[in-house]
2 protein chains.
Amino acid sequence: MTTIHDVARAAGVSISTVSYALSGKRSIAETTRRRVTDAASRLGYQPHAGARMMAGTRTQIFAVTAPLRHDTYAPAHMAFVLAVATAARRHDYDILLLTEDEATKGLSRVASSRLVDGVIVLDVSAHDERVDLVRSLGLPTVLVGIPDDTTDLACVDLDFEAAVRLAVDRLTALGHRRIAHIGHPQEIYDRGSNFPLRVRTEFGSYTGGLGLEAVFVTSETDGASVRATVKALLDADEPPTALLLHAQESVQAGVLGYLAERGISVPRDLSVISVGSTFDTSRFEPALDVIPLVATATCDVAVDLLIDSLPFPPTPRVQYVAPEYRSFDSVAPPP
Amino acid sequence: MTTIHDVARAAGVSISTVSYALSGKRSIAETTRRRVTDAASRLGYQPHAGARMMAGTRTQIFAVTAPLRHDTYAPAHMAFVLAVATAARRHDYDILLLTEDEATKGLSRVASSRLVDGVIVLDVSAHDERVDLVRSLGLPTVLVGIPDDTTDLACVDLDFEAAVRLAVDRLTALGHRRIAHIGHPQEIYDRGSNFPLRVRTEFGSYTGGLGLEAVFVTSETDGASVRATVKALLDADEPPTALLLHAQESVQAGVLGYLAERGISVPRDLSVISVGSTFDTSRFEPALDVIPLVATATCDVAVDLLIDSLPFPPTPRVQYVAPEYRSFDSVAPPP
DNA sequence: ACCGATCGTTGAAACGCTTCGACGATCGAT
DNA sequence: ATCGATCGTCGAAGCGTTTCAACGATCGGT
């Protein structure tokens, strides 16, 4: 292993000069700096992580806690973890993965052992046990997702409310007055899951404010339930002319399958928009207009927030990421 | 932050006594040990990770590299990462997640900065660029999956060959003589993906050795291709009486869907076994007998191998995890 | 030609831990 | 009673880095 001593010797300077030359924390003559960086890269010098943690104030590691609940959609989950890792690497940070059963114990442990400089908390639910913990830990932390009580917390999330309004506006602009929102299984709402609730609530109040006829329905995820849900919706006296989907991939696919089966054409007979989806709706048959939940967008913001505040906790705030509408021609004026 | 000094003062002993009492590396009088451990837990003492790395030889961190290819099945991927993390925690190890674009650069970095004590390489393919790297790094490493050239490497994987034999034996015992193996898309085999090839090869040679009529077919993952593949199989002159499935979840579901559509009853008309699957085949309709690829089983072995060898690289070897047959009544004698 | 400021560089301290060598006390064997 | 071995404890060195205080050299202003 090559140490800072080796580099110093090779460059013919003292170790402090090497340290300053590489960190840029003091002015160093350009020629000296070159000699040092050359020697360093020639020897393949990498500072000893432990020594750096010990002497400096940074560990260059973030902890990420990402609970895997039984109804977690693994691809999205993975995408968020990866997005955090990628964003962190851009700032020379590595990611320490804390598993669910370690969510609290693990956080305390890495905090008091000074292993990490900060924490990214993923998939935050309305009442999340990790929230109180990070508050008490005083470790720089950013939450991805918004809990009920955001006191003292820095949170980042897609602006689901704006996303709903964006979708509804698009539909009303085309003349739709009767819109149905198909959501997640009931259990999700009961448990206080974060954004499904926010979507549902905003859908209710925004359409209400506009004087629209709006219906909200939950649906279990199995094929039969999905079909039954959509059937009930379409067989009503005054069926909706547009659907706002916020549910898992298989459910949305199931809805489209059932529509095709009944010979209902999208968007001619019925307009459909997918909101807050983490998967690719352009590969559906037919492709669906979508206001996606983009892992990279959200996680980039979260990591930037954390980096900027170091070594202190970020200023408490709720940072919304603006929604973006992606059109694949699944909406049209009502028939 | 409470340091070893604080504990020493509280317990009325020297810091070296604290260190020995907590590590157990020298004999300490029982009463002294008690005083120390009491003080430590009372003060909530956690050794400083950096200091420990610096002084000791262990960092208590493993790196995990888990590339996310475009055809990676995310739930399985996640399950393996989690399984490694969980197994590692049992030995007081944390997991540093290396993302795909960092697969090689990241490995070198954590190696030369002495950030990790070892590496777990997940989802190894036949010709994996990470393999040469870990060989040259000399860092204790265990691969999950088996590359073509295993020289100097410690590898762990399900015994896919034995799994195939187990499945075939089950079928022949019931009297089946014509078995078809539906595999992954052609691309997967072309790329040299590891276990799909091993399954295909063993299926060919084992059924050949038994004098069975065996067919191997690939299938793209879209619904139409799956249906076409199965149709061709069943419309042959002498159609198979049993299917051995080794493909992704949607393909296996598609096969079952098409069978149902054609009014073919499993297992009355056709026996079906799923091999090396990472998902839950018992929730299929009908449920499928399966020889699963269990993430926890494999990763536990991998982590144990690594832990046991520390601080040296593990003895090179290929360690197979025995397959296990789980019956859900999807096989029966041929009609 | 001299003084103070600025610039580039250096030695040394400090970070918290592990571990080695040493030392007094205790004990069993002679 | 004496000696050697064993046991429990301790002081101090050392791990590789960052950073502070300090120092000589250079330079512009008088």
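To find a chain, count down the sequence lines: A is the first, B the second, and so on, and within it residues start at 1.
Five base pairs at each end of the helix from C:dA1-D:dT30 to C:dT30-D:dA1 define two local axes, and these are offset by 50° (rounded to 10°).
Regarding B:Y20, its OH atom lies at a distance of 15 Å from the P atom of C:dC17, rounded to whole Å. Going from atom CZ of B:R33 over to atom P of D:dC7 covers 17 Å, rounded to whole Å. A:R26 places its CZ atom 8 Å from the C1' atom of D:dA21, with the value rounded to the nearest Å. If you take CE of B:M54 and P of D:dG16, they are 6 Å apart, rounded to a whole angstrom. Taking atom CG of residue A:D6 and atom P of nucleotide D:dT17, one finds them 9 Å apart after rounding to whole Å. Between the CG atom of A:D117 and the P atom of D:dT18 there is a distance of 14 Å, rounded to whole Å.
Within 6.0 Å of the NE2 atom in B:H5, the count of heavy atoms belonging to other residues, nucleotides or ligands does not exceed 12. The number of heavy-atom neighbours closer than 6.0 Å to CZ of A:R58, taken from other residues, nucleotides and ligands shown, is above 12.
Nucleotides of DNA chain C nearest to A:E30 and B:T2 differ in position, and the one nearer the 5' end is that of A:E30.
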Next on the checklist: Would B:R135 and B:D132 count as a salt bridge (Lys or Arg N to Asp or Glu O under 4.0 Å) here? Give the steps.
Outcome noted: CA-CA 5 Å; B:R135 240 192 296 258; B:D132 284 330; 3.2 Å; yes
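In this structure, the nucleotide among C:dA12, D:dC10, C:dG16 sitting nearest to the side chain of A:I15 is C:dA12.
Listed pair B:K25 / C:dT18 fails the phosphate criterion, with no side-chain N or O lying under 4.0 Å from OP1 or OP2.
Summarising the geometry of A:Y45 relative to A:I4, their closest heavy-atom pair is CE1-N, 3.5 Å, with the distance given to 0.1 Å.
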